[in-house]
**Student:** 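This is the structure, below, for whatever I ask next.
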Amino acid sequence: MPELPEVETVARGLQKTVMGRKILSVALGKTDFIDDPGALERHLPGRRIDAVERYGKFMMLRLSAAEISGAVNSTVEPEAASLLVHLGMTGNLASRRADEAHEKHTHVWMALDDGRELRYTDPRRFGRIAYLAGEAIARELQRFGADPLLVGEEEFVARIKARRSRIKALLLDQSVLRGVGNIYADESLWRAKIHPARTSASLTPAQLLKLRRVLQEILRKAISLRGSTIADFQDGQGEPGEYQKHHRAYGREGHKCYRCGAIVRRTIVAGRSSYYCPACQHAPRDCRPLPLPRAARGVKAKASKPRTGRWKIARNR
DNA sequence: CTCGATCCCTGGACGC
DNA sequence: TGCGTCCAGGGATCGA
């Protein structure tokens with residue numbers, strides 16, 4: 001699932017391939033995940049993609065003011081505008097040759113001035129696309145919390161301590177930190193030896209500082225490895241990330257803890273599967289692991305495949 | 001404020 | 001093998 005490192009990877013790819021390109025036209029497939037499909041058709045053609053930025057799990061395509069060539073298009077307002085793209089669970093945004101067959105579940109085609117198309121694909125359509133202009137951009141972004149890579153020690157502790165939820169729920173809450181999802185929440189909690197069901201109030205400042213530090217280390221490492229690619233699916237030409245090889249908790253139910261050898265267990269916290277080492281990460285009394293599935297039990301349990309969605313980082317050529 | 005439940009959606013895993 | 005069921009999960013939303 002695209003979290004901060006995966007979105008960063010996609011955004012960096014797009015910086016190389018579509019930045020500076022002009023959008024010539026827009027075609028749409030299914031649009032139930034798009035805020036205002038008509039706005040895309042009305043406002044994107046004629047604009048140039050000036051920048052591709054990441055904001056939490058969103059990508060922001062900064063768009064030019066649109067008077068690039070030829071006739072003035074009166075339907076295009078001159079104010080700052082952005083295309084916000086959230087990949088949800090299975091979304092991808094990539095540049096393809098216009099004559100290249102499109103993947104199944106492609107829902108947006110943006111023809112560019114270099115003969116290529118910027119295409120959005122998303123089988124489950126849990127993603128989101130929104131065209132935002134003017135003050136709507138700032139209004140949209142103010143809902144989100146700190147960037148976990150930039151947040152300082154004081155702010156991190158303050159944001160966590162301001163709430164009394166379980167730590168996993170807080171890590172996943174985009175209004176606390178923007179960009180952390182299920183994988184990197186579990187990975188950082190394992191590394192910090194904190195059980196996901198612990199409440200923020202029960203954690204010491206030292207534990208929170210440790211959590212912040214390992215979270216940043218993990219995110220940086222994951223970005224350097226182009227994110228995590230879980231269980232490849234369909235279509236050949238992706239360039240998968242490598243960070244899944246470094247997972248220490250996520251998807252490892254039934255395997256031995258890399259640190260102590262205990263069996264990694266799974267439980268549900270904040271409505272999400274949460275993987276942890278019962279020996280390293282002391283559980284609150286009210287939190288029990290789920291029974292191990294048959295595939296993950298037994299002596300030589302050939303570890304179950306990670307229970308997870310799957311997606312692939314497509315190469316942005 | 002915080003929780004859990006429900007829904008959205010598709011396809012892969014699994015059980016019989 | 002084939003079919004039905006369960007499940008993954010980010011986020012919105014609603015009720016407790």
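These figures come from a predicted structure and were not determined experimentally. Chain identifiers are assigned alphabetically (A, B, ...) following the order of the sequence lines, protein sequences preceding nucleic acid strands; residue numbering begins at 1 within each chain.
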**Student:** Consider the side chain of S273(A), meaning its heavy atoms from C-beta on, and name the nucleotide among dC9(B), dG11(C), dA8(C) that approaches it most closely.
**Tutor:** dA8(C)
**Student:** Atom CE of M89(A) and atom P of dG9(C): how far apart are they, to the nearest Å?
**Tutor:** 6 Å
**Student:** Taking the side chain as everything from C-beta on, heavy atoms only, tell me whether L44(A) gets closer than 4.5 Å to M110(A).
**Tutor:** yes
**Student:** Rounded to the nearest Å, what distance is computed from the NZ atom of residue K168(A) to the P atom of nucleotide dC3(B)?
**Tutor:** 13 Å
**Student:** By the 4.0 Å heavy-atom rule, please label R128(A) as base, sugar-phosphate, or nothing.
**Tutor:** nothing
**Student:** I want to verify a distance call: between dG10(C), dC9(B), dT2(B), whose nearest atom is closest to the D32(A) side chain?
**Tutor:** dC9(B)
**Student:** Are OP1 or OP2 of dC8(B) and a side-chain N or O of R125(A) less than 4.0 angstrom apart?
**Tutor:** no
**Student:** Return yes if the base of dA8(C) and the side-chain atoms of R272(A) contain a donor-acceptor N/O pair under 3.5 Å, otherwise no.
**Tutor:** no
**Student:** Does any part of the side chain of P148(A), heavy atoms only, come nearer than 4.5 Å to the side chain of L219(A), both counted from C-beta?
**Tutor:** yes
**Student:** Side chain of S165(A): nearest nucleotide among dC3(B), dG11(C), dG9(C)?
**Tutor:** dC3(B)
**Student:** What about the rings of H247(A) and Y275(A), do their centers lie closer together than 6.0 Å?
**Tutor:** no
**Student:** In this structure, how many angstroms lie between the P atom of dA8(C) and the CG atom of D186(A), rounded?
**Tutor:** 13 Å
**Student:** In whole angstrom, give the distance that lies between atom CZ of F58(A) and atom P of dA12(C).
**Tutor:** 7 Å
**Student:** Given dG10(C), dC3(B), dG9(C), which nucleotide is nearest the side-chain atoms of Y250(A)?
**Tutor:** dG9(C)
**Student:** Give the cluster check for Y276(A) versus L170(A): same hydrophobic cluster or not, with ILVMFWY residues linked at side-chain heavy-atom distances below 4.5 Å.
**Tutor:** no
**Student:** Less than 3.5 Å apart, any donor N or O on the side chain of Y184(A) or E6(A) sitting next to an acceptor on the other?
**Tutor:** yes
**Student:** The helix from dT2(B)-dA16(C) to dC16(B)-dG2(C): angle between its terminal axes, five pairs each, to 10°?
**Tutor:** 50°
**Student:** Under 4.0 Å between a side-chain N/O of Q174(A) and OP1 or OP2 of dG10(C), yes or no?
**Tutor:** no
**Student:** Of the nucleotides dT10(B), dC3(B), dG10(C), which has the atom closest to the H105(A) side chain?
**Tutor:** dT10(B)
**Student:** Check the geometry between F126(A) and dG10(C) and answer yes if their rings are stacked (centres below 5.5 Å, planes below 30°), otherwise no.
**Tutor:** yes
**Student:** Consider the side chain of R124(A), meaning its heavy atoms from C-beta on, and name the nucleotide among dC3(B), dG10(C), dA8(C) that approaches it most closely.
**Tutor:** dA8(C)
**Student:** Please confirm whether any donor atom in the side chain of R143(A) sits under 3.5 Å from an acceptor in the base of dG11(C), or the reverse.
**Tutor:** no
**Student:** Determine, for W190(A) and R259(A), whether the Lys NZ or Arg CZ falls below 6.0 Å from the six-membered ring centre while staying within 45 degrees of the axis.
**Tutor:** yes
**Student:** To the nearest Å, give me how far apart CG (N182(A)) and C1' (dA8(C)) are.
**Tutor:** 10 Å
**Student:** Return the value, rounded to whole Å, for the distance between atom CG of L170(A) and atom C1' of dC3(B).
**Tutor:** 13 Å
**Student:** What is the distance, rounded to the nearest whole Å, between atom NE2 of H86(A) and atom C1' of dG9(C)?
**Tutor:** 11 Å
**Student:** Do we see a donor-acceptor contact under 3.5 Å between the side chains of K168(A) and S274(A)?
**Tutor:** yes
**Student:** Which whole-number value in Å describes the distance from I183(A) CD1 to dG9(C) C1'?
**Tutor:** 10 Å
**Student:** Is the charged tip of R248(A) near the ring of Y258(A): under 6.0 Å from the six-membered ring centre and within 45° of its axis?
**Tutor:** yes
